[in-house]
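Below you'll find the structure, written out as structure tokens, and then a few comments.
First listed ligand is number 1; within each ligand, the first listed atom is number 1. Counting begins at 1 with the first residue of the sequence.
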Amino acid sequence: MAKYIFITGGVVSSLGKGVAAAGCGALLQSRGYTVHARKFDPYLNIDPGTMSPFQHGEVYVTNDGYETDLDLGYYERFLGAQLSRNDSVSGGRIYWDVLNAERHGDYLGATVQMIPHVSNKIKEYISAPTDTDFVVCEIGGTVGDIEGKIFLESIRQFANDVGRHNVMFVHLTLAPYLEKSGELKTKPTQMSARELLENGIQADMLIVRTPRMLTPAERDKIGMFCNLPAKSVISGIDVDNIYKIPLAYEAQHVFDIIADHFGLPHARGDMTRFDRIETYLSADIPTVTVGVVGKYFNVPDAYKSLNEALFHAGIQNNVHIKIKQIDAETFTPEDCRDVSGILVPGGFGVRGVSGKIASAQYARENRVPYMGICLGMQVAVIEFARNVLGIENAGSSEFSSDCTPVIGIMAACDAENMGGTLRLGAYPCDVTPDTLAHKIYGATSISERHRHRYEMDIGLEQKFASAGMIISGRSPDGRLPEMIELKNHPFFIAGQFHPEFQSSPYPGHPMFNAFVAACKHN
Ligand code: GLN
């Protein structure tokens, strides 16, 4: 059976439980243990797919087509874990399952109650087999939230069921610094740990977010009030890059605390991956400016995975990446004068589309490296149809009903796991030999994740190809174009999928790596 590390949080929200959980997971992996991650969100939405990105940042898509929030992205990038829809579970989904089971008669007329019916359902998701040594499991929200009570109760029961030595509770808190008196205050942490204890959960490790390292005296005091050894009180200091967190934990012997709890031998970890990122961050190397032509820049984290993927490609190419945010709605070619490459990311709705089309035209005509993601492929196709093929009114049926659709809803999109009407999750793609795509991926069969409704019309293939835009990736049944590229251009490629969801610092993602390499040489 896997051992479990539960991460809860208190005092305030947004302390970075996901990153803390991923950081602990990384330390375990550095000692050769395998790690899976799970996240439970007590809120009542049934899944995060329909939640406003204005509240939650980007919608992250798993291989199995689940639309979830960006925390799952941290786990995949940090830990290389492959997560699925059962690894991101909300309170709403738990109640939905329970109430449906009740309607179905599964409880045989018993009175349906929070305990045991809801708590058992939560434990069922928690304990789903993983074939890893560890599961790091984040409980969203803050201790004291009404919605969260039943989740705390369930993890308490779970620890009792499987044995306390198989479960570790890590609690994240905040120690505010009072400027005036020059004091770091530990009381909120004490109260939060006590509140957790009221739910029957004794924290085994505290990670206290603070602006500076805790002093030994402060750790002693917190340990004494919170009922744990001072050595298990960790300073969660602010870092300028999340990949430094595992190093910060390593320096405070977090692995040894985990090992002591589970009765595992102390061992030195291989932190090379994170050391290399730290070295890269402070290295005196050239900077490459990439223009991202988008429209969600006012939403924090709307382009989280994209920014990450560019960062990873920077590491691989040994350059720093500067992202120039170009507002698609006000785009002029002037915006591209100081960029080495143009990237058009995914997007929905007509707002900003003409600016994106103009940016693709600029890249094509001025031989500037171009990478298109999803909508970024669609605008490149529309631009080519209009300005090279002379199809005057070429467009997408998403934006106008009286255009000549080169992008539209294809009858071929009948795949089973289309949630709502979007094509979601990983799909295989056949790559045409001797194309840029083939050179980039070094494979003729790849898999990438999707989240879109519209597709390029494959019937236009010959027409496009004879003018220089070829389809270099397609669905194995040959019906859906998945990648396009320009033949007479140094680097112009786009995918109907979202490669950013599969990028991690090592080894980066082939498409981003190649794009940044092209920018570097531009
Ligand atoms: N709006 C386009 C579609 O639905 C593209 C979506 C996207 O870029 N993710 O097909």
- Do S84 side-chain atoms and D64 backbone N/O form a donor-acceptor pair below 3.5 Å?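 Not at all, since once roles are kept as given, no pair shorter than 3.5 Å links the two residues.
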- Message: Any side-chain to backbone donor/acceptor pair from R38 onto A128? Under 3.5 Å, distance only.
- Response: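 Yes; at least one donor-acceptor contact below 3.5 Å.
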- Taking E67 as the fixed residue, which of R85, R423, R451 is the one that meets the salt bridge (charged side-chain N to carboxylate O under 4.0 Å, His left out) rule?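 For E67, the salt bridge (charged side-chain N to carboxylate O under 4.0 Å, His left out) check succeeds only for R451.
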- Message: F348 versus ligand 1: do any nitrogen or oxygen atoms come within less than 3.5 Å of each other?
- Response: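 No, no N or O pair falls under 3.5 Å.
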- Pick one of side chain, backbone, both or neither for how R453 approaches ligand 1, counting any non-hydrogen atom pair under 4.0 Å.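 Both backbone and side chain.
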- Message: Just to be sure I read this right, does ligand 1 sit under 4.0 Å from the backbone of E398, its side chain, both, or neither, counting only heavy atoms?
- Response: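 Side chain only.
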- Protein residue, atom and distance nearest to atom 9 (N) of ligand 1, heavy-atom basis: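 Answer, as residue, atom name and distance: R451 O, 2.8 Å.
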- Query: Which residue and non-hydrogen atom of the protein lie closest to atom 10 (O) of ligand 1, and at what distance in Å?
  - Reply: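 The answer is Y454 N, 2.8 Å.
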- With respect to atom 6 (C) of ligand 1, which of G347, G346, P345, G372 exhibits the smallest heavy-atom separation?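 Nearest heavy atom to atom 6 (C) of ligand 1 lies in G347.
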- Using the six-membered ring wherever Trp is involved, compare the ring planes of H452 and H450 and label them parallel, tilted or perpendicular (cut-offs 30° and 60°).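 Geometry flag for H450 against H452: tilted rings.
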- Query: Parallel, tilted or perpendicular for Y125 and F40, by the 30°/60° rule?
  - Reply: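 Rings of Y125 and F40: perpendicular, over 60°.
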- Pick from I440, I471, I470, T432: which one makes a side-chain contact (heavy atoms from CB on, under 4.5 Å) with E485?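 Output: one option passes, namely I470.
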- Message: Looking at ligand 1, is there an atom of it that comes within less than 4.0 Å of some heavy atom belonging to Q496?
- Response: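 No; Q496 lies far enough from ligand 1 that no heavy-atom distance drops under 4.0 Å.
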- Item | Donor-acceptor side-chain pairing of D133 and T34 below 3.5 angstrom |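 A donor-acceptor contact under 3.5 Å links the two side chains.
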- Task: Below 4.0 angstrom from a heavy atom of H498, which ligand 1 atoms are there? Numbered from 1 as shown, please.
- Result: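 Under 4.0 Å from H498, ligand 1 has these atoms: 9 (N).
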- Message: At less than 4.0 angstrom from any non-hydrogen atom of C374, what atoms of ligand 1 do you find?
- Response: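 Listed by number with element, the hits are 5 (C), 6 (C), 7 (C), 8 (O), 9 (N).
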